[in-house]
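Scroll down for the structure; my scribbles are underneath it.
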Amino acid sequence: MLHSVCLASSLSNQFLSPKLKGSIDANNVQTPTSEIPNTSLVHHFSSPLELKQAVAFLIKTNKPLSVLPLSRVASLCALTPNFPFAQQIFNCVDQQEVSVWNSCLRNLAEGPSAIDAIFLFHQMRSYNVGPDCFTCSFVLKACVVLLDLSCGRIVHAYVEKLGFQSNLVLLNALLHLYASCGAMADSMLLFDKMPQRDIVSWNIMITQLAKKGDADGAFELFSQMPDRNLRSWTAMITGFVHSGKPKEAIRLFTEMEETGLRANEVTVVAVLAACADLGALELGRRIHEYSNKSRFRRNIHISNTLIDMYIKCGCLEAAKAVFEEMKERTIVSWSAMIQGLAMHGQADEALELFNEMIKTGVKPNEVTFLGILHACSHMGLINKGREFFASMSRDYNISPQIEHYGCMVDLLSRAGLLQDAYELITNMPIKPNAVVWGSFLGGCRIQKDVEMAEEAIRQLGILDPLNDGYYIIMSNIYAEAKRWEDAARVRKLMKDRGVKKTPGWSSITIAGVTHEFVAGDDNHPQSEEIFQRWDKLLEQMRSKGYVPNTSVVLLDMEETEKEKYLYRHSEKLALVFGLMNTKPGETIRIMKNLRVCEDCHAAFKVISEIVKREIVVRDRNRFHCFKDGFCSCKDYW
DNA sequence: CTAGGGTTAG
């Protein structure tokens with residue numbers, strides 16, 4: 001961080017004049033004892049007082065002032081007009097020397113106070129010092145950090161005025177700046193009219209387009225570019241992941257490997273993130289091995305992403321193993337692990353981990369609390385949840401965001417405290433969004449409270465009228481209350497508004513091939529066998545006391561018809577297919593895009609006992625791990 | 001002497 005430039009030879013003569021030496025009375029400044037070679041103070045001072053101490057220390061101990069890092073001295077003085085010696089010190093600097101300004105700018109732009117670089121740049125202009133291309137480069141860097149578009153435009157004007165139009169480094173920095181400030185049109189315009197481009201120009205555009213969610217546009221550029229390096233591939237893979245296209249990300253990664261390029265740390269992180277989204281455990285494991293074999297095995301980003309990948313693939317134990325063997329952990333590692341335990345319904349362990357984290361001296365952030373609140377919500381720990389919610393602002397000065405309120409509403413309404421939840425919604429300082437009302441609606445369904453649900457759906461009709469999920473829940477609530485006309489009315493409303501129901505699907509991956517099932521699916525080549533196997537299983541299930549719960553079927557029809565529907569739910573098809581195509585005793589892993597259905601949940605518990613297998617289901621909210629007739633969610637979900 | 005692009009938890 002402190003790459004200060006020492007102009008060793010010239011500093012004592014040119015920079016700190018005898019006049020200055022005289023102006024600091026070394027005997028009146030408290031300095032560390034001279035026995036300690038206080039290199040840290042001499043090199044790393046960050047306040048005027050420390051600079052004063054450093055100068056006094058050097059004078060007192062008869063050391064050359066030339067060891068002081070010029071750029072720090074100058075930037076400190078330039079930025080601290082109240083410092084009594086600032087002007088004098090500053091006057092000793094050759095103010096017309098652009099390299100001195102550049103050194104200061106570089107340090108500031110790279111450090112935590114990029115805003116000072118901008119300030120210094122303006123001051124430099126007021127001293128009538130002409131910027132050169134390095135000045136522009138450093139200032140642009142600060143502009144990107146601060147998203148300071150207007151300063152960036154000033155620099156752009158200099159670039160034009162000073163004739164740097166063909167300097168690719170500067171043009172690329174401008175591309176980056178415009179795009180990251182949201183001025184994508186300016187960025188594209190510049191990109192289009194650039195006399196020439198290099199690989200960096202293309203990579204910037206790919207990254208930025210993908211960040212804006214335009215993965216197709218990014219891929220078009222990726223396909224067009226004349227040359228690609230590892231960063232191009234990585235940028236595009238990351239772009240697909242961020243645009244919710246993990247399959248494309250993995251396909252591209254495979255293609256990259258075929259060209260003979262080897263993934264580096266960043267590529268590995270991107271691919272692991274794709275595996276996490278897809279639940280692609282086998283590939284994830286392969287990448288883990290590859291990463292361990294490579295020299296970048298101790299990369300903290302990779303470990304963090306591995307934790308997330310294993311969690312999202314349902315391998316809590318593997319995630320724990322990665323977490324345990326990390327030598328250093330960041331808040332991301334802790335938060336990911338806590339969130340993972342929450343997703344798997346292990347609230348006690350999540351809270352334990354939180355305490356351990358606090359003991360280690362790591363400060364929680366807003367994401368950590370989201371994980372903790374999730375844990376409480378998934379296990380119905382009402383008082384603990386309330387306590388943590390209060391604690392986050394009181395003890396850690398983190399004000400709850402809309403997501404935290406969403407968690408609390410979920411926690412309260414799921415636990416049956418609909419009134420408390422409603423009060424929280426109406427009293428919260430932020431305008432409740434669709435997610436908040438959606439959580440409330442979900443609670444209403446569990447509590448079978450039609451009236452409250454109607455209030456929620458009114459709000460949701462305004463906040464998120466195109467989201468099919470809310471209509472489905474409402475219609476479900478009516479259906480469960482046997483209010484078929486109302487249920488039909490909601491369905492019609494949905495149709496009138498042109499809202500399409502998201503088709504539910506479940507998938508299972510066997511030997512690297514992912515098989516997807518939708519409800520009633522008879523397209524799979526093994527459909528007949530699946531249905532037969534299910535009928536056999538059903539007999540065993542009935543003898544264990546399984547009774548089909550036809551109330552989850554929304555349509556008004558005969559009971560036997562309902563059962564038929566029920567038995568063709570996508571998760572059941574995927575499970576039976578899995579049982580048929582894996583070895584006895586092997587864990588079955590299923591993914592579902594929606595929440596798992598109640599009847600399937602009951603059925604899976606019984607089946608896990610009959611077939612003596614662990615069945616792990618990842619639904620859109622959390623994991624259910626079925627084993628010996630029980631589910632890890634303890635039926636609270 | 002000095003400059004530009006790709007990374008993790010919700």
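Letters go in sequence order (proteins before strands), and every chain restarts at 1.
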Practice problem: Check step by step if salt bridge (Lys or Arg N to Asp or Glu O under 4.0 Å) holds for A:E387 and A:K384. | Solution: CA-CA 5 Å; A:E387 219 173 277; A:K384 280 258 164 57; over 6 Å; no
Closest nucleotide among [options] to the [X] side chain:
| X | options | value |
| --- | --- | --- |
| A:A336 | B:dA3, B:dA9, B:dT2 | B:dA9 |
| A:T234 | B:dG6, B:dC1, B:dG10 | B:dG6 |
| A:S335 | B:dA9, B:dT2, B:dT7 | B:dA9 |
| A:L230 | B:dT8, B:dT2, B:dG6 | B:dG6 |
| A:H242 | B:dT7, B:dT2, B:dG6 | B:dT7 |
| A:F134 | B:dT8, B:dG6, B:dT2 | B:dT2 |
| A:V266 | B:dA9, B:dT7, B:dA3 | B:dT7 |
| A:V269 | B:dA9, B:dT8, B:dG6 | B:dT8 |

Quiz item: Are A:D308 and A:T305 close enough that a side-chain donor and a side-chain acceptor fall under 3.5 Å?
Solution: no
Quiz prompt | Donor + acceptor pair across side chains of A:S399, A:S393 (<3.5 Å) | solution = no
[X] [atom1] to [N] [atom2]: how many Å, rounded?
| X | N | atom1 | atom2 | answer |
| --- | --- | --- | --- | --- |
| A:L221 | B:dG6 | CG | P | 15 Å |
| A:D308 | B:dT7 | CG | P | 16 Å |
| A:L175 | B:dA3 | CG | P | 19 Å |
| A:N167 | B:dA3 | CG | C1' | 8 Å |
| A:L177 | B:dA3 | CG | C1' | 15 Å |
| A:F323 | B:dT8 | CZ | P | 19 Å |
| A:I307 | B:dG10 | CD1 | P | 12 Å |
| A:L261 | B:dG6 | CG | P | 18 Å |

Self-check item: Ring centers of A:F354, A:F388 separated by less than 6.0 Å
Solution: yes
Quiz prompt | Sequence neighbours excluded, every pair satisfying salt bridge (charged side-chain N to carboxylate O under 4.0 Å, His left out) that has a member inside residues 354-373 of chain A | solution = none
Self-check item: Any A:K312 side-chain N or O less than 4.0 Å from OP1/OP2 of B:dT8
Solution: no
Exercise. Report the C-alpha distance between A:K320 and A:E325 in whole Å, list the side-chain angles of each, state the deciding distance to 0.1 Å, and finish with yes or no for salt bridge (Lys or Arg N to Asp or Glu O under 4.0 Å).
Key: CA-CA 9 Å; A:K320 281 186 195 168; A:E325 70 184 21; over 6 Å; no
Heavy atoms under 4.0 Å, any strand shown: does [X] hit a base, just sugar-phosphate, or nothing?
| X | answer |
| --- | --- |
| A:H301 | base |
| A:I199 | base |
| A:N229 | base |

Exercise. Using a strict 4.0 Å threshold on nitrogen-to-oxygen distance, state whether A:D216 and A:K245 make a salt bridge.
Key: yes
Quiz item: Does a salt bridge link A:R286 with A:E257, judged by any charged N lying under 4.0 Å from a carboxylate O?
Solution: yes
Practice problem: Enumerate the residues from residues 360-373 of chain A whose closest heavy atom to DNA chain B is under 4.0 Å, giving them by residue number; use none for an empty result. | Solution: A:N365, A:E366, A:V367, A:L370
